[in-house]
Amino acid sequence: SVMREVTGINEMEKLLHKKLNISKVIIVAGDSDHSPWVKKEIGLAAANCMKTLLRGDNIIAVTGGTTMASVAEMLTPDVADGDLLFVPARGGIGEDVKNQANTICAMMADHTDSKHRVLYVPDEVSEEMYKSIIKDPHISEVLRLIKSADLLVHGIGEAITMAQRRKTSASNMDIIKGAKAVGEAFGYYFNEDGQVVHKVETIGIRLENLSEVPNVIAVAGGSSKSKAIRAYLKKAPPSTILITDEGAAKSLI
Ligand code: F6P
């Protein structure tokens with residue numbers, strides 16, 4: 001639009017696309033740290049982007065968080081012409097119910113008249129627990145669906161904010177702070193170089209498998225998340241589409 005030309009948003013998208021080495025960058029005006037409606041705009045941009053990617057029947061894996069909740073709010077039944085199935089990308093990563101991937105899946109299914117699955121597993125599973133959990137037929141079926149997802153839509157958070165929101169144990173907090181983590185996505189914590197410094201032990205999608213998912217949309221905005229976004233994108237698959245706002249984009253350039 002003319003507005004996007006005048007404000008330089010188109011130019012910023014091009015610059016960031018080159019710099020970040022990912023498939024596409026979409027920027028909405030404003031800074032969601034200061035203006036709550038900007039998060040709604042991010043949600044709308046993500047919903048529209050999903051619409052361009054979805055043809056026929058699709059399995060969509062999602063993570064939790066407030067940005068993902070605003071994506072869910074903006075979805076409508078015409079997002080796809082086939083059947084959709086929403087699945088949580090990973091099991092428990094310490095979030096309250098309202099921020100959980102299970103909740104977001106249910107909201108997305110509700111808004112699009114489609115189906116969803118839940119993954120009820122404890123946060124932080126031990127090695128032995130992991131081995132027995134994945135034998136459960138319901139859980140192994142959901143894990144199979146996650147592996148065959150056509151699209152992954154996920155949030156990115158600031159590391160310490162996320163560790164606090166999840167009531168992370170003091171010892172893990174020491175690890176996260178000691179390693180200077182700045183970003184978090186799917187339960188993985190990253191330092192400025194994009195190295196994983198800590199991860200929540202749960203089941204579901206692993207960072208190593210992200211590149212096997214045909215389409216990935218990362219949604220995160222606000223100037224406070226710029227370091228987190230930059231760090232995570234060093235590890236992100238090149239197919240990633242970033243949906244962000246001007247607040248984050250300005251500090252990413
Ligand atoms: O905990 C789920 C999650 O998607 C995290 O991986 C991410 O850091 C966070 O939520 C983002 O939450 P918000 O959109 O509320 O900042």
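Quick note: numbers below take in every heavy atom, side chains included, and nothing from hydrogens, waters or symmetry partners. FYI, the numbering just counts along the sequence from 1. Atoms within a ligand are numbered from 1 in the order they appear, just like the ligands themselves.
- Taking 4.0 Å as the cut-off, Arg166 counts as a neighbour of ligand 1 on heavy-atom distance.
- A donor-acceptor pair is defined here as one N or O able to donate and one able to accept, closer than 3.5 Å; no such pair exists between the side chain of Glu246 and the backbone of Ala29.
- Interface of Thr63 with ligand 1, defined as ligand atoms under 4.0 Å from a residue heavy atom, comprises 4 (O).
- Listed by atom number, the atoms of ligand 1 under 4.0 Å from Ala185 heavy atoms are 6 (O).
- Interface of Ile156 with ligand 1, defined as ligand atoms under 4.0 Å from a residue heavy atom, comprises 7 (C), 8 (O), 11 (C).
- Taking 4.0 Å as the cut-off, His154 does not count as a neighbour of ligand 1 on heavy-atom distance.
- Two residues are said to be in side-chain contact when any heavy atoms from C-beta on lie closer than 4.5 Å; Tyr120 and His138 fail this criterion.
- Side chain of Asp245 to backbone of Gly222: a donor-acceptor contact under 3.5 angstrom is found.
- The aromatic rings of Phe190 and Tyr232 sit perpendicular to each other, their planes meeting at more than 60°, with 30° as the lower class boundary.
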Exercise. Can Ile205 and Leu152 be said to form a side chain to side chain contact (heavy atoms under 4.5 Å, CB included), step by step?
Worked result: CA-CA 10 Å; Ile205 252 173; Leu152 166 69; 4.2 Å; yes
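- Judged by distance alone, the side chain of Asn102 and the main-chain N or O of Leu119 form a donor-acceptor pair under 3.5 Å.
- Atom 15 (O) of ligand 1 has its closest protein heavy atom at Thr66 OG1, 2.5 Å.
- The shortest N or O to N or O distance between Glu95 and ligand 1 is below 3.5 Å.
- Under a 3.5 Å cut-off, the side chain of Ser226 and the backbone N or O of Ser251 do not form any donor-acceptor pair.
- Of the protein's non-hydrogen atoms, Lys225 NZ, 2.7 Å is the one closest to atom 16 (O) of ligand 1.
- Counting heavy atoms from C-beta outward, Leu16 and Ile253 have side chains that approach closer than 4.5 Å.
- Of the polar atoms of Gly157, at least one N or O is found under 3.5 Å from an N or O of ligand 1, judged by distance alone.
- Here's the thing with Gly64: one of its N/O atoms is less than 3.5 angstrom from an N/O atom of ligand 1.
- Of the N or O atoms in Glu184, one or more lie within a sub-3.5 Å distance of an N or O in ligand 1.
- Near Phe186, with a cut-off below 4.0 Å to any heavy atom, the atoms of ligand 1 are 6 (O).
- The side chain to side chain contact (heavy atoms under 4.5 Å, CB included) test with Leu84 singles out one residue from Asp57, Ile59, Asn58, and that residue is Asn58.
- At least one heavy atom of Arg165 sits under 4.0 Å from some atom of ligand 1.
- If you check which protein heavy atom lies closest to atom 14 (O) of ligand 1, you get Thr67 OG1, 2.5 Å.
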